[in-house]
Amino acid sequence: MATARRSLSPGRRAWLRFRSNRRGYWSLWIFAVVFGLSLVAEVLSNDRPIVARYEGHLYWPLFRQYPETTFGGDFRTATDYLDPFIRQRLSQDGNWAIFPPNPYRFDTINYFAPSPNPAPPSAQNVLGTDDQGRDVLARLLYGFRISVLFGMALTAVGMLFGIAAGAVQGYFGGRVDLALQRLTEIWGSIPELYLLLILASIFEPSIWILLAILSLFSWMGLSDYVRAEFLRNRQLEYVTAARALGLSSLQIIRRHVLPNSLTPVIAFLPFRMSAAIVALTSLDFLGLGVPPSTPSLGELLAQGKANLDAWWISLGTFGVLVGTLMLLIFIGEALRDALDTRKG
């Protein structure tokens, strides 16, 4: 058994250590399944049927827009499939329609709700509606997808810039390290919130503008860890041997130093992703994030604050946000233990 364990590759041993952390392992599976479902949110939550059969013809409303006259209506406008008249036409004389499990999109307003908005949870709206009559479950599903994708994008951009800056500082050291460290300190002293307020007053709110602004500052924390790893690894024997063989600095960084300096980068990925999700949620809550029509967890929290009697808005959003952050933290802890070579 001991011989078999010694024959395992470092990556295989790290995976076994990760699997031994049951909490982190199952958190990864849960997060992957939930995120995978959110990627097909249009199939799970939409106000248009996936497929419909009307008067002997098959229609695919989920992928194509049909006028109301197609289903016996009077107008050539886009069909409202929640209209009781359209529902009746699609359910009689052998006609049928297969709707998604939740028949609402994130921007669908339920004009036929029996209660005034915001309406409490009911058979029509499982988690109720917000103050504009939009389904809370649909907005949570779409908002979760946007938050996770934004977190992934911001983490990836920050990782690329952080690795590049830390690698240059740590490998070359000396005056290069000193000059870049002073520039990093100056750049980090810029008030990020004030910059967001100024740019929000100039440009129309957009998730791309928000991503670009936050990317300007997201790399600094990671670059310090990469710099420290490069400062330590550049003095080791294999780097000296690579220099003696005539390899260029870029080749030494890419082939030898960087692969042995990525442990803190990988271990901190889930934590940085959770910080990016919290940043987006906070800015949306303050009205500095995505446009108002975009489904957002922060916008739902702001609605819950404005409608304290509509407890279902705050409760559902709080549950999704806390659950997401807990899963990412558990995954990060498991990754940190898996990359710790002191553990068997």
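The analysis underlying the following values was restricted to heavy atoms, covering all of them including side chains, and did not include hydrogens, waters or symmetry mates.
- For D337 (side chain) and F18 (main-chain N/O), no donor-acceptor pair under 3.5 Å exists by modelled atom type.
- Proximity of a side-chain donor or acceptor of W312 to a complementary backbone N or O of A119 within less than 3.5 Å is detected.
- Under the 6.0 Å distance and 45° angle rule, R234 does not count as a cation-pi partner of Y171.
- In the model, R53 has no side-chain atom that pairs as donor or acceptor with a side-chain atom of Y59 under 3.5 Å.
- At least one donor-acceptor pair under 3.5 Å links the side chain of W187 to the backbone N or O of L216.
- Around atom CZ of R182, more than 12 heavy atoms belonging to other residues, nucleotides or ligands sit under 6.0 Å away.
- Residues passing the salt bridge (charged side-chain N to carboxylate O under 4.0 Å, His left out) test with R254, sequence neighbours excluded: none.
- The closest donor-acceptor contact from the side chain of N46 to the backbone of P103 lies at 3.5 Å or more, if one exists at all.
- Taking a 6.0 Å sphere around CZ of F161, one finds it holds 12 or fewer heavy atoms contributed by other residues, nucleotides or ligands.
- No more than 12 heavy atoms of other residues, nucleotides or ligands lie within 6.0 Å of CD in E237, so this atom counts as exposed by the packing criterion.
- The environment of M326 atom CE is sparse: at most 12 non-hydrogen atoms of other residues, nucleotides or ligands sit within 6.0 angstrom.
- Remark: side-chain polar atoms of T79 are paired, donor with acceptor, to backbone N or O of Y66 under 3.5 angstrom.
- A donor-acceptor pair is defined here as one N or O able to donate and one able to accept, closer than 3.5 Å; such a pair exists between the side chain of N95 and the backbone of E55.
- The backbone N or O of D309 lies less than 3.5 Å from no partner atom in the side chain of N307, so there is not a single donor-acceptor pair.
- The backbone N or O of L211 sits less than 3.5 Å from a side-chain atom of S215, completing a donor-acceptor pair.
- Here E42 does not pair with R48 in a salt bridge; the nearest charged N to carboxylate O distance is not below 4.0 Å.
- The closest side-chain donor-acceptor pair between D135 and T129, if any, does not fall under 3.5 angstrom.
- In this structure, Y54 has its ring center no closer than 6.0 Å to that of W96.
- For Y81, the OH atom is densely surrounded, since the number of other residues' heavy atoms within 6.0 Å is greater than 12.
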Problem set entry | From CA spacing to verdict: side-chain hydrogen bond (donor to acceptor under 3.5 Å, both in side chains), R134, Y104 | CA-CA 8 Å; R134 298 171 298 191; Y104 302 98; over 6 Å; no
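- For F318, the CZ atom counts as loosely surrounded, since its 6.0 Å shell holds 12 or fewer non-hydrogen atoms of other residues, nucleotides or ligands.
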